[in-house]
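Each remark here refers to the structure printed beneath this line.
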There are 2 protein chains.
Amino acid sequence: MTRLSLDIDRASPVPLYFQVAKQLEEQITAGALAPGTKLGNEVQLAAHLGLSRLTLRRAIEELVGKGLLVRKRGVGTQVVLGQVKRPVELTSLYDDLARAGQQPATQVVRRDLAAAPEDAAAALGIAPGSTVLYLERVRSAAGEPLALMHNWLPQRFGRITADDLAARGLYALLRSAGVTIKVARQHIGARKATAREAALLGTRRGAAVLTMQRTAYDDSGVAVEFASHVYRADRYSFESTVVSH
Amino acid sequence: MTRLSLDIDRASPVPLYFQVAKQLEEQITAGALAPGTKLGNEVQLAAHLGLSRLTLRRAIEELVGKGLLVRKRGVGTQVVLGQVKRPVELTSLYDDLARAGQQPATQVVRRDLAAAPEDAAAALGIAPGSTVLYLERVRSAAGEPLALMHNWLPQRFGRITADDLAARGLYALLRSAGVTIKVARQHIGARKATAREAALLGTRRGAAVLTMQRTAYDDSGVAVEFASHVYRADRYSFESTVVSH
DNA sequence: GAGTGGTCTAGACCACCGA
DNA sequence: CGGTGGTCTAGACCACTCT
């Protein structure tokens, strides 16, 4: 068991549980809290930090949800054993690449106002054939094509231009437009690349590709985007942390 | 906004927040609470149900986490628009198939005590070459092969037999052995099937397959299993719901 | 300004675990 | 048995959104 030393600023607008969770996470990923380390019990720990037990618990829950801590009733809380990796969250490919220093680049192949195909219309909850913004983009990292991305968005986003998309990720543009994406449903599969996909992705026809379809909803529960993407399997894979309830 | 009618049993050992969450979820998936329906505000709703606001909030949070409800400060809580699907949780392929009425069957190809290869040893946090239980199984559904599964487990699980595995899923066996899996890290990719994989899966060499590697940890944070699976992409895909924090 | 969710507290009792 | 996390309460103040 270790003495935790955390820096809590009650004057900050950042919630206390978030301050605690962030610093704990940093200490775990930095190795200051080694795997297997037992945290003290919640009551004493909360008193030590000058927080209510519930606030401390909320911070711990955050990290349990990320798979960094493990709790067992009657026993205690400890740092999970095994190497720690960042779990994937709801982020855009652009952000992921930028964070990894991979210099993402986007080539806009198409940007049309077009009639929505059936699957996109169903996902967006609009009538098939309605006018939507259709995007086809190739995302490259470190100079090599990585993904071929197709997106359908409601017509109200029709002001997004090809230039916008070349400079920033779609999700960043949506955020600037005041859209907060809260929930997304994803479907991940695999198949072989078509000739056109292979040409755009710089690979061979018939190469294995990962496919992802995603419907994203904003904070009022309205579908904001339907996406159907194709990734080069030799250069990309999905990572996730799953926690049982 | 609707009048909620829930059945809360304070004598039950089931936590109140769980009772509320479960019944709310049922009403949403059953359509009794239509997409877009606004729930009343938390203070009144809690009073109406005879619960503290925090307990009600905890129930709501459960469903927000599953992507069934959406909250916005200053506005309210409502059922997410768009068709509702069950989000995927940490379940085994066997359970998923059984629930879908797909009659899962398992053929145990190999069951050995063998030396751990490097990647499995690293995932399990043991020395390479240590003795581990190695499993190779083919999972079929509705009479057709679906997945080729490789698992490596610490030697203490060496008492698991091929017969056990033919009758029940691996996770069910581990549960019976008192092991609770709490966290898993997964990696999903794609490639082409090798000749051997194609033969076992009843498909053609070079067919696209989905691959998943998973390391699972129990409630004390110890790695319990390392898995490397191959799925026929024409018969299987991964589905998930992602929620932003 | 009125109404909403977001955070926080101090205390309480319980269920489970290990010695 | 003592120690731990799991649940629950009644109240409070704040930040945000809409009109």
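All figures in this text were calculated on a predicted structure; none of them were measured in a lab. Labels below follow one simple rule: chain letters A, B, ... track the order of the sequence lines, proteins then strands, and each chain is numbered from 1.
- Here C:dT4 presents its C1' atom at 13 Å from CD of B:Q78, a figure rounded to the nearest Å.
- Proximity of A:R57 to the phosphate of D:dG5: no side-chain N or O atom is located under 4.0 Å from OP1 or OP2.
- Among pairs with a residue in residues 44-56 of chain A, those fulfilling salt bridge (Lys or Arg N to Asp or Glu O under 4.0 Å) read A:E42-A:R53, at least two apart in sequence or across chains.
- Of the side-chain N and O atoms in B:T55, none sit less than 4.0 angstrom from OP1 or OP2 of D:dT7.
- Sorted by residue number, the members of residues 16-24 of chain B with any non-hydrogen atom under 4.0 Å from DNA chain D read B:L16, B:Y17.
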Salt bridge (Lys or Arg N to Asp or Glu O under 4.0 Å) assessment of A:E239 paired with B:R185: CA-CA 7 Å; A:E239 198 181 303; B:R185 300 213 171 85; over 6 Å; no
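- Checked for salt-bridge contact, B:E62 and B:K66 miss the test: no charged N lies under 4.0 Å from a carboxylate O.
- What separates CG of A:L45 from C1' of D:dG3 is a distance of 15 Å, to the nearest Å.
- Taking atom CD1 of residue B:I60 and atom P of nucleotide C:dT7, one finds them 14 Å apart after rounding to whole Å.
- Here B:T55 pairs with B:S52 under the side chain to side chain donor-acceptor pair (under 3.5 Å) rule; sequence neighbours left out.
- Rounded to an integer number of Å, the gap from CG of A:L56 to C1' of C:dT7 is 15 Å.
- If you check D:dT7, C:dG5, D:dG6 against the side chain of A:R71, the one that comes closest is D:dG6.
- D:dG6 atom C1' lies 13 Å from atom CD of B:E62, rounded to whole Å.
- Listed by chain and number, the residues in a salt bridge (Lys or Arg N to Asp or Glu O under 4.0 Å) with A:D112 are A:R110 (sequence neighbours excluded).
- Applying the salt bridge (Lys or Arg N to Asp or Glu O under 4.0 Å) test to A:R111 and every residue at least two apart in sequence or in another chain returns nothing.
- Here C:dG5 presents its P atom at 12 Å from CD of B:E61, a figure rounded to the nearest Å.
- Not counting sequence neighbours, the partners of A:D9 by the side-chain contact (heavy atoms from CB on, under 4.5 Å) test are A:A11, A:S12, A:Q19.
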Would you mind building the protein contact string for nucleotides 10-17 of chain D? One character per nucleotide, 5' to 3', B for base within reach (heavy atoms under 4.0 Å), S for sugar-phosphate only, - for untouched. --B--BBS
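- Scored by the salt bridge (Lys or Arg N to Asp or Glu O under 4.0 Å) test, B:E61 finds B:R57, B:R71 as partners (sequence neighbours excluded).
- Here A:E136 pairs with A:H150, A:R196 under the side chain to side chain donor-acceptor pair (under 3.5 Å) rule; sequence neighbours left out.
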Intra- and interstrand pairs of DNA chain C - dot-bracket, Watson-Crick/G-U under 3.5 Å, | marks other strand: ||||||||||||||||||.
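- Listed by chain and residue number, A:H187 satisfy the side-chain contact (heavy atoms from CB on, under 4.5 Å) test with B:S237 (two or more places apart in sequence, or in another chain).
- If you take CG of A:D9 and P of C:dC8, they are 12 Å apart, rounded to a whole angstrom.
- The phosphate of D:dC8 has neither OP1 nor OP2 within less than 4.0 Å of any side-chain N or O from B:R58.
- One can place CZ of A:R10 at 11 Å from C1' of C:dT7, the figure rounded to the nearest angstrom.
- Partners of A:D119 under the side chain to side chain donor-acceptor pair (under 3.5 Å) rule, at least two apart in sequence or in another chain, do not exist in this structure.
- Here the CG atom belonging to B:L24 is positioned 5.5 Å from the CG atom belonging to B:L6, to the nearest 0.5 angstrom.
- The shortest distance between the side-chain N/O atoms of A:N41 and the OP1/OP2 oxygens of D:dT4 is below 4.0 Å.
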